[in-house]
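Okay, structure first, notes after.
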Amino acid sequence: MAGGGWFLRWPVIRQLRGQDGRGEAARSARTDALRPRVEEADSVARSVCPYCAVGCGQLVYVKDGKVSQIEGDPDSPISRGRLCPKGSASKQLVTHAGRQTKVLYRRPYGTDWEPLDLDTAMDMIADRVLRTRRDTWQQEHEGRVVRRTLGIASLGGATLDNEENYLMKKLYTALGAIQVENQARI
Amino acid sequence: MAERMGFFTDTSICIGCKACEVACKEWNQLPDDGFVFEATSYDNTAALGASTWRHVAFIEQQPVWMPDGDPMSHGGPVPHSGPMSHGGPMPDGGSMPHGGESVFEVGRDGRWLMSSDVCKHCTNAGCLDVCPTGAIFRTEFGTVVVQPDICNGCGYCVPACPFGVIDRREGDGRAWKCTMCYDRLRGGLEPACAKACPTDSIQFGPLDELRERAAARVDTLHAAGHTEARLYGESPGDGVGGMGAFFLLLDEPEVYGLPPDPVVPTRDLPAMWGWAGAAIATMAAAVAASFLGGRSR
Amino acid sequence: MAECHPVGFQWVVEARYRGAKVFHIDPRFTRTSALADRYVPIRVGSDIVLLGALINHVLENELDFREYVLAYTNASMIVSEEYRDTEDLDGLFSGFDPETRTYDPATWSYEGAPEEAAAGERAEQMDHGREHADMGGPDQYGAGGASANPRPMKDPTLRHPRCVYQILRRHFARYTPELVAELCGISPEDFAELAETVTTNSGRERTTMWVYSVGWTQHTVGAQYIRAASILQLLLGNIGRPGGGILALRGHASIQGSTDIPTLFNILPGYLPMPHAHQHETLDDYLARAGGDTGFWGRKRSYMVSLLKAWWGDAATEDNDFRFDHLPRLTGDHGHYSTVMGQIDGTVKGYFVVGENPAVGSAGGRAQRLGLANLEWLVVRDLTLVETATFWKDGPELETGEMRTEDIGTEVFFVPAASHVEKDGTFTNTQRLLQWREKALDPPGDCRSDLWFFYHLGKLLKERITSGEIDRPLRELTWDYPEEGVHGDPSASAVLREIGGVGPDGRALSDYTELKPDGSTQCGCWIYCGVYADEVNQAARRRPGREQSPEAPEWGWAWPANRRILYNRASADPEGRPWSERKAYIYWDEKKGEWTGPDVPDFEKTKPPGYRPPEGALAEAALSGTDPFIMQADGKGWLYAPAGLVDGPLPAHYEPFESPVRNPLYAQQDNPARRIYPRPESPYNPVGAPRFPYVLTTYRLTEHHTAGGMSRPLAYLAELQPELFCEVSPTLAAELGLANGDWATIVTSRTAIEARVLVTERVRPLRIQGRTVHQIGLPYHWGWGSGGLVTGDIANDLMPLALDPNVYIQESKATTCDVRPGRRPRGRDLLALIEEYRHG
Amino acid sequence: MSRGTRERAVAPEAEFRSYYGRPVIKRPIWHVPHMPVYLYLGGLSGASSLTAIMAGLTGRPHLARTARIAAAAGAALGTGFLVAELGRPMRFLNMLRVFKPTSPMSVGSWILAAQGGLSAVAAASAVTGILPAAGDAAALATGVTGPLTATYTAVLVADTAVPAWHEGYRELPFLFAGSALASAGAVGMLAAPRTEAGPARAVALIGAAVETAAASALEHRLGLVGEPYRQGRAGRLLRAARALTVGGGLLTLLAGRSRVATVASGLSLTAGALCTRFGVLEAGRASAADPKFTVVPQRERLDSGAPAPSSGR
């Protein structure tokens with residue numbers, strides 16, 4: 001298709017040379033070069049849809065450090081490559097503009113958010129956990145050893161990974177925090 | 001030219017999930033269409049357009065239930081709330097009118113028809129025929145595609161489509177519609193909507209194969225008593241020479257917002273030029289007469 | 001199912017292609033109804049009447065799968081003379097204490113003294129019903145359920161008046177088609193068709209399956225709904241067989257995993273109960289009371305010790321009870337709603353909210369927000385600024401004047417989370433399948449995985465702790481995971497390997513039967529034992545489905561032991577032969593001397609059908625070759641639950657806590673043991689109050705996800721369902737003057753919200769007890785924030801805090817309300833309106 | 001299935017089924033005033049070309065010169081409106097990328113290009129007096145491109161799925177031709193000296209008559225599909241067009257030597273022609289907006305057992 005300059009590529013000339021003006025002759029160079037963008041992906045991760053519990057397989061295509069496409073994994077015996085509207089919107093879920101990517105801090109009685117460094121936030125949270133735990137520690141309750149705190153509670157979503165739930169339960173239990181709950185209750 | 005590819009949308013197994021709409025938008029990176037509550041069943045998309053290349057229609061055909069918990073009448077077709085005349089929920093509120101003109105017996109259970117509409121990729125495509133720039137062309141897969149690098153937004157394709165599919169996008173100025181994921185097809189992938197469709201209501205494949213499959217499906221449904229099942233757009237003998245995307249419907253096409261007997265406008269083009277020729281002759285004669293008659297006067 | 005699990009629904013479509021008949025029973029005609037063979041409308045909260053009537057139909061017509069019932073269920077067992085049924089006590093079972101509103105289940109047990117009474121107090125013999133109730137019911141007995149006398153008296157003829165079969169007959173006798181018509185609004189003809197279809201599609205050649213979701217669980221009798229379905233399915237022989245079962249469709253990617261490896265107060269990983277202060281001082285106490293000693297649950301010491309070893313490593317030794325003391329103790333209900341009350345009362349000071357949004361997603365949203373506003377500190381981790389993180393800035397209580405930003409002392413940390421593609425790890429799906437997700441890329445900005453957050457928080461805490469005694473559990477906690485990548489993420493596969501278990505040789509274990517009670521093995525969750533077998537991440541296996549059998553055993557890994565159908569021994573007859581060729585699955589291969597079939601047998605592979613346990617056998621050895629329910633102490637499916645539930649051994653119909661209908665069956669209107677919070681933050685609609693004449697139910701839409709945090713900010717989803725709406729029938733719309741597309745206000749004692757009106761015949765008025773009952777449907781995906789492109793009022797704000805007493809799930813599927821045309825009042829006027837309604 | 005119901009569905013009340021009353025086809029997106037003004041200018045240009053030729057041949061130099069200018073200005077201005085109507089005006093040249101006989105707009109673009117070029121040469125020559133032979137040749141050539149320019153737009157409009165347009169494909173060319181003649185005649189009357197304006201008046205008169213007759217046929221022959229020409233905004237515009245055209249025509253007859261009456265009649269005819277073009281666009285919009293115009297005729301066709309056959313291309 002290349003060569004011959006613009007004149008020979010001019011569809012009218014191509015028409016005169018016998019190409020169909022509603023087909024071949026009308027094609028642009030861009031059209032001729034068109035390929036599915038997933039072909040250019042740097043990597044493909046085999047993932048699982050984060051919405052409901054059917055567990056549909058997803059293929060996550062990454063190009064230049066950005067997700068370029070998420071679609072169904074045809075290998076999955078559960079979903080056979082199919083996705084519902086939410087699963088199909090997964091790329092938007094991970095790339096949409098409303099996603100919050102910075103730590104925010106609201107001081108007591110504050111009227112607005114303030115920026116906060118992640119490391120500082122982690123330190124502050126650790127301090128509060130230890131302080132509250134000390135302040136609310138129950139060694140005994142109704143004459144029985146309970147060694148716990150009712151001052152710290154947790155509520156987790158059910159999109160947490162098993163590994164995450166595991167570390168959470170392990171850490172909370174070691175801290176003596178028992179009010180550990182999950183969407184699974186709700 | 002490769003084999004002609006197409007869509008067969010079997011609405012009898014559509015669950016109205018709209019995965020096709022979203023998968024299409026994700027792949028083709030289309031803008032949203034605004035956030036408007038339409039109060040027309042679960043359809044807030046309204047219609048196909050420049051930024052909506054799949055549209056799922058929802059048609060409620062339910063028996064009219066009286067306060068005593070019984071359908072309004074017994075025996076014969078149960079009156080239902082399907083869209084009649086300007087049917088559907090009325091903009092002025094109130095309940096959906098039930099004209100009582102049921103073509104099908106909806107039974108006690110009622111029906112909720114859902115159907116994913118899309119560009120028909122007509123054999124004789126109005127949009128393609130009238131496009132003055134060659135932006136719209138027929139691909140090696142027999143599909144009809146707009147080239148966004150060519151389209152100058154003349155808008156002619158918009159009224160030329162007998163299905164109201166293609167539209168010009170505000171702010172962008174160009175015309176857009178379903179490409180049957182032309183880029184994906186070139187890479188041997190199936191279109192995003194067909195791939196996502198959870199129940200395989202949207203099937204993609206060589207058109208001939210799909211037509212056979214569809215005929216068999218109609219036979220199955222008829223045998224099961226669903227005599228209302230019929231194909232729409234599969235016949236090469238129709239007014240657009242057969243559709244590259246055809247449908248199995250459970251009611252008349254117009255109930256789904258589809259034209260019952262679409263015709264490609266260019267079918268009458270020779271006749272149109274003929275009449276234009278006559279008008280030109282009239283013009284010439286009129287002018288000649290005006291001058292020559294004037295001289296004689 | 002088509003609405004909320006569309007991709008799963010493809011298998012229903014496939015089944016229909018093969019001749020399956022699909023009934024959809026739902027208060028609303030949904031997208032599922034559209035593809036069902038029959039749609040049966042039902043009044044919310046009346047399902048036990050329907051299921052009970054089906055059970056009655058089976059029993060009265062002797063349509064049960066008798067051979068299965070006799071061999072595999074407790075139908076023939078004789079129940080204690082002291083047992084009194086709801087038929088005898090007008091809606092109560094024996095053992096009820098009206099003071100505490102709890103049951104002492106002692107009288108529900110089988111006849112005759114339990115043989116192993118000396119081994120320790122049995123759960124069902126506990127003196128204090130209160131404790132029984134406090135401990136969260138079934139969970140307290142672990143995965144094996146409550147223990148019960150494994151060898152009670154039996155009557156194989158099923159004629160003994162106190163045998164389970166006869167008790168069932170009496171109990172369900174009043175659950176008739178007429179009652180179904182009167183209470184559910186289902187016509188006798190529809191019921192007859194359903195009953196006929198279910199029974200003719202059960203037996204040797206065919207199976208019937210029931211599929212449910214939160215429409216069955218979010219009730220004050222939710223657990224008993226499931227029990228009712230279990231009874232029906234056991235009677236029809238539909239458990240443990242292909243095409244059978246009771247399938248819970250769970251609504252979140254790893255909600256199954258979140259129960260298996262619970263972030264739940266009352267259980268430890270693998271459904272081991274959390275120890276209770278009053279009962280479990282030592283490991284021995286604990287094991288003695290945590291369910292039976294027979295069946296595979298009889299190995300509970302191995303499971304528990306291996307867990308303690310996984311957590312406290314070398315510090316856990318035989319001498320120190322494997323650090324059983326390090327576990328904090330429960331003293332009652334510490335569930336979500338009790339925690340909220342603790343926040344309001346000021347006992348709870350700090351709160352982690354991780355990928356959850358209680359300000360919108362939990363019932364009685366105002367109470368949730370009052371609790372949040374009374375915290376000292378709050379950590380919210382999510383993808384967007386969910387309402388729970390911003391309630392102090394823009395919550396609805398600011399508009400009404402109940403709160404002022406300047407008065408709210410809660411210190412809030414919003415720490416952004418990584419998305420599912422930005423971390424690796426496993427989800428456990430609704431069929432117990434663990435699937436490993438590969439990480440696609442690093443998270444942006446400050447976003448980190450929850451694994452990162454809790455691992456590094458743990459490290460910081462361990463750095464700061466003292467040598468004091470209270471810090472010992474933390475100090476001794478094993479917390480060494482390899483760090484990876486630019487952010488120092490702990491290795492998720494290392495965590496999974498710990499969960500899957502490691503043997504004395506340091507190698508990953510392959511099966512939970514390898515776990516030892518002596519501390520030589522460690523395993524973070526015994527039911528997941530083997531997920532890292534052969535040092536291979538089994539959950540990451542991806543052999544394409546088309547290259548495998550339909551069971552696809554090499555795709556991911558299902559607990560336990562990669563079994564796809566639980567209790568599949570029941571797919572063969574007592575002699576080990578398939579019930580029929582058509583339904584062959586797992587069967588005994590006499591020549592090879594083992595169980596075989598397309599799935600992993602859920603049975604000891606080489607235990608022959610003829611095996612009979614010797615006297616005094618423990619664990620699985622105590623079960624015979626014909627006991628398929630291997631986690632049960634007696635190996636039987638329980639038609640009647642002699643222990644384990646806190647609100648009765650059998651399901652009985654109780655009205656929802658808020659209902660416009662009187663219970664005609666019993667004097668007892670609602671579940672006597674239900675849990676409520678009668679306090680100012682949690683008001684209730686009076687039963688039968690004329691000012692709340694309509695039935696309200698909530699649900700999800702395909703286009704959105706739960707409280708909307710993962711869907712409202714997405715343009716492609718938000719545009720599909722942009723506004724909160726309420727579905728009403730044309731009849732009700734005409735009565736109230738509601739116009740399609742206009743606004744309506746829905747009111748309960750909690751609050752009033754506004755929604756657009758969708759008038760539709762898909763919602764049908766039902767004839768209940770001779771009068772018309774209108775139901776109103778509300779999807780609950782909207783809130784004011786979460787970065788949502790679309791916003792709206794919060795449906796859950798309307799819901800009462802009334803809980804199932806077994807599992808503490810709130811009744812958000814059935815309540816009462818009023819509906820008014822037009823938008824709701826704003827500000828103080830809203831409070832005035834609610835006051836009016838509260839006090840009539 | 002009840003046939004009776006279907007038959008009732010096509011009763012005179014035009015009861016029919018649709019999807020929430022939503023249109024089946026898309027409304028033409030062309031804007032006001034761009035599109036109708038272009039139609040007017042194309043007509044003016046085309047008919048003026050004919051007038052110019054005949055005026056030249058019959059020795060009416062002033063009229064010829066005026067008409068040549070009108071033809072060139074009409075084509076140039078019209079092109080301007082056309083470009084402004086494009087969603088991507090910078091890509092105007094893509095109109096000449098292909099030549100598509102199936103596209104009246106493609107054909108029209110080439111015609112307009114020719115008409116524009118030729119009429120410009122003709123007008124330039126007439127105004128400057130340079131290269132008169134070339135000017136005359138160009139003017140003569142517009143004898144072909146002119147009437148095409150004036151009428152191809154009727155084919156363009158008719159070659160759509162808009163029922164009121166498509167079904168009017170017989171009348172629309174005459175409507176446009178008549179309207180073009182009236183427009184050109186009016187401009188001729190207004191701009192040429194009275195001594196030469198006689199034929200222009202005649203052109204205007206015949207044009208007005210043809211326009212009025214075609215409009216009337218359009219309104220009445222099409223039945224239900226012609227409804228938009230009779231009702232609503234389009235109906236009002238077309239009634240105004242008729243009044244202005246008929247009035248302008250009568251005035252032309254009666255004007256005699258009165259300059260004022262001549263101006264009034266010329267302006268009236270021009271206004272009438274413009275109203276016609278605005279009315280046609282409006283009718284197209286209304287026709288597309290109501291599904292009944294799409295559904296009812298198609299349903300009748302199907303029910304009469306004569307569905308549209310394929311064009312067999």
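Every value quoted in this text rests on a predicted model; they were computed, and no experiment measured them. Throughout, protein chains are lettered first and strands after them, A, B, ... in sequence-line order, and every chain is numbered starting at 1.
Between C/Phe265 and C/Tyr808, the ring planes are parallel. Angles under 30° get that label, and only those over 60° would be called perpendicular.
At a 4.5 Å heavy-atom cutoff, the contact between A/Thr136 and chain C is made by side-chain atoms alone. The contact between C/Lys423 and chain A is made entirely by side chain atoms (from C-beta outward), counting heavy-atom distances below 4.5 Å. With a 4.5 angstrom heavy-atom cutoff, A/Gln58 touches chain C only via side-chain atoms. No part of A/Asp135 comes within reach of chain C, as not one of its non-hydrogen atoms sits under 4.5 angstrom from that chain. At a 4.5 Å heavy-atom cutoff, the contact between A/Leu83 and chain C is made by backbone atoms alone. The parts of C/Phe453 that come within reach of chain A are both its backbone and its side chain, each placing non-hydrogen atoms under 4.5 angstrom from that chain. Heavy atoms of A/Glu140 lying under 4.5 Å from chain C are absent altogether. When heavy atoms are compared at a cutoff of 4.5 Å, A/Asp123 approaches chain C by way of both its backbone and its side chain. In this structure, chain C has a heavy atom under 4.5 Å from the side chain of A/Thr132, while its backbone stays farther away. At a 4.5 Å heavy-atom cutoff, the contact between A/Val67 and chain C is made by backbone and side-chain atoms alike. For A/Val62, the part lying near chain C is the side chain, with the backbone staying farther off; criterion is any non-hydrogen pair under 4.5 Å. Looking at A/Arg106, the atoms closer than 4.5 Å to chain C (heavy atoms on both sides) sit in the backbone and in the side chain alike. Using a 4.5 Å cut-off between heavy atoms, C/Ile470 contacts chain A through both its backbone and its side chain. The part of A/Tyr172 that comes within reach of chain C is its side chain, from C-beta onward, which places non-hydrogen atoms under 4.5 angstrom from that chain. If you measure heavy-atom distances from C/Trp11 to chain A, the contacts under 4.5 Å come from the side chain alone.
With C/Phe427 as the aromatic partner, C/Arg437 meets the cation-pi criteria of under 6.0 angstrom to the ring centre and within 45 degrees of the ring axis.
The number of heavy atoms from other shown groups lying within 6.0 Å of CZ (A/Arg30) is above 12.
No side-chain N or O of A/Ser76 forms a donor-acceptor pair with one of C/Arg542 less than 3.5 Å apart. A donor-acceptor contact under 3.5 angstrom links the side chains of A/Tyr166 and C/Glu498, judged on distance only. Side chains of C/Trp436 and C/Glu438: no donor on one and acceptor on the other come within 3.5 Å. In this model, a donor atom of one side chain and an acceptor atom of the other lie less than 3.5 Å apart for C/His278 and A/Glu142.
Contacts with chain C were tallied for A/Arg133, A/Gln138, A/His141; A/Arg133 has the most, counting heavy-atom pairs under 4.5 Å. Ranked by heavy-atom pairs under 4.5 Å with chain C, the list A/Arg148, A/Glu163, A/Arg144, A/Gln100 is led by A/Glu163. Note on A/Gly176, A/Gly143, A/Gly72: by heavy-atom pairs under 4.5 Å with chain C, the leading option is A/Gly176. Considering only heavy-atom pairs separated by less than 4.5 Å from chain A, the leading option among C/Val348, C/Leu434, C/Thr426 is C/Thr426. The candidate from C/Gly355, C/Gly8, C/Cys4, C/Gly251 with the greatest count of non-hydrogen atom pairs under 4.5 Å with chain A is C/Gly251. Top candidate by heavy-atom pairs under 4.5 Å with chain C, chosen from A/Ala177, A/Ala153, A/Ala121, A/Cys84, is A/Ala153. Comparing C/Asn429, C/Ile499, C/Leu714, C/Ile809 by heavy-atom pairs within less than 4.5 Å of chain A, the highest count is held by C/Leu714. The choice from A/Val180, A/Val146, A/Asn182, A/Leu155 that makes the most heavy-atom pairs within less than 4.5 Å of chain C is A/Leu155. With respect to chain A, the highest number of heavy-atom pairs below 4.5 Å among C/Gln256, C/Glu422, C/Glu703, C/Gln218 belongs to C/Glu422. For the set C/Lys439, C/Arg475, C/Lys349, the entry with the most heavy-atom pairs within less than 4.5 Å of chain A is C/Lys349. With chain C as partner, the option from A/Lys170, A/Gln183, A/Arg82, A/His96 having the largest number of non-hydrogen pairs under 4.5 angstrom is A/Lys170. In terms of heavy-atom pairs under 4.5 angstrom with chain A, the leader among C/Gly787, C/Ala363, C/Gly425 is C/Gly425.
Under 4.0 Å is where a charged nitrogen must lie from a carboxylate oxygen, and between C/Asp471 and A/Arg134 no such pair does. Between A/Asp75 and C/Arg546 a salt bridge is recorded (basic side-chain N to carboxylate O distance below 4.0 Å). Under the 4.0 Å criterion applied to side-chain N and carboxylate O atoms, A/Arg147 and C/Asp325 are not assigned as salt-bridge partners.
A distance below 6.0 Å separates the ring centres of C/Trp377 and C/Phe352. Remark: aromatic rings of C/Trp479 and C/Trp311 are distant, center separation not under 6.0 Å.
A donor-acceptor contact shorter than 3.5 Å links the side chain of A/Lys86 to the backbone of C/His704.
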Give the C-alpha distance, both sets of side-chain angles, the deciding distance and a yes or no for salt bridge (Lys or Arg N to Asp or Glu O under 4.0 Å) between A/Arg128 and C/Glu376.
CA-CA 9 Å; A/Arg128 277 146 189 79; C/Glu376 283 179 11; over 6 Å; no
